[in-house]
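Each chain gets a letter, A, B and so on, in the order the sequences are listed, and its residues count up from 1. No hydrogens, no waters, no symmetry mates; every other heavy atom, side chains included, goes into these values.
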Amino acid sequence: MKHKLLSQSSLAEQVWALTKRIPRGKVATYGQLAKALKKPRAYRAVGNALNKNPYAPIVPCHRVIRSDGSVGGFAIGTNKKIALLSKEGVKILNHKVTPLKKFLCKFY
DNA sequence: GTCGTGACTAGCC
DNA sequence: CGGCTAGCCACGA
């Protein structure tokens, strides 16, 4: 077999694809998405990908948070991110998902 | 080809 | 728990 590209699409596209699979009411960390893409060290790039996410309302990028449970950032505004999560049933206390373990998507 | 940037993370105090 | 530091990666200029 000839060499096959590990990623036909840019990292960003793969990130968005994964993000779309996050169930409503659940959340995933940047690090986990990176690991799911077989690039556990690319959590930085993952964050950038979501930041440039052109499918803002389509991709549930608000369900991606930091590994420590803090909501992290949001292109439209952190405040908005928190509001969306709260609407989905994710409890947030002082900008942090609580309890994180309960809302983390274990599929990744 | 090199440099700067950022929605991050783990470690240490 | 909170704050600071250094290390990491992909992408665009």
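As a whole-Å value, the separation of A/Asn53 CG from B/dG6 C1' is 15 Å. Whole-Å rounding puts the A/Lys35 NZ to B/dT9 P distance at 15 Å. Distance A/Lys38 NZ to C/dC8 C1': 19 Å, rounded to the nearest Å. One interatomic measurement links the two molecules: CG of A/Leu100 to C1' of B/dT9, which rounds to 14 Å at whole-angstrom precision. Between the CG atom of A/Asp68 and the P atom of B/dG11 there is a distance of 13 Å, given to the nearest Å. Between A/Leu33 atom CG and C/dC9 atom P there is a gap of 17 Å when expressed in whole angstrom units. Across the protein-nucleic acid pair, A/Asn51 atom CG and B/dG6 atom P stand 9 Å apart, rounded to whole Å. Rounded to whole angstrom, the span from the CZ atom of A/Arg66 across to the P atom of C/dG2 amounts to 13 Å.
Listed for the A/Tyr108 side chain is a donor-acceptor partner under 3.5 Å among the backbone atoms of A/Leu18.
When distances are taken from the side chain of A/Tyr43 to each of B/dA7, C/dC8, C/dC11, the shortest belongs to C/dC8. Residue A/Phe74 places its side chain closer to B/dA7 than to any other of B/dA7, C/dG2, C/dC11. Of the candidates C/dC11, C/dC9, B/dA7, B/dA7 carries the atom nearest the A/Leu50 side chain, counting heavy atoms from C-beta on. Of the listed nucleotides (B/dT9, C/dA10, C/dC11), C/dC11 has the atom at the smallest distance from the side chain of A/Lys52. Considering only side-chain atoms of A/Tyr30, the nucleotide from B/dT9, C/dA10, C/dG2 that sits closest is B/dT9. Distances were taken from every side-chain heavy atom of A/Asn48 (C-beta onward) to each of B/dA7, C/dA10, B/dG6; the shortest belongs to B/dG6. Listed nucleotides C/dC11, C/dC9, C/dG2 differ in distance to A/Asn94; the shortest reach to its side chain belongs to C/dG2.
Of the two residues contacting DNA chain B, namely A/Ala45 and A/Gln32, the nearest-nucleotide position lying further toward the 5' end is that of A/Ala45.
The shortest distance between the side-chain N/O atoms of A/Ser67 and the OP1/OP2 oxygens of B/dA10 is below 4.0 Å. Between A/Lys81 and B/dA7, a side-chain N or O to OP1/OP2 separation shorter than 4.0 Å is absent.
The two atoms that bring A/Ile65 and A/Ser70 nearest to each other are CB-O, 3.6 Å, heavy atoms only. Scanning all heavy atoms of the two residues, the minimum distance from A/Val90 to A/Gly25 falls at CG2-O, 3.5 Å. Minimum interatomic distance between A/Ala12 and A/Ala49 (heavy atoms only, all atoms of both residues): CA-CB, 3.5 Å.
Salt bridge annotation for A/Arg63-A/Glu88: present, with a cationic side-chain nitrogen under 4.0 angstrom from a carboxylate oxygen.
Under the Watson-Crick or G-U wobble criterion, with both distances below 3.5 Å, C/dC8 is left unpaired in every strand shown.
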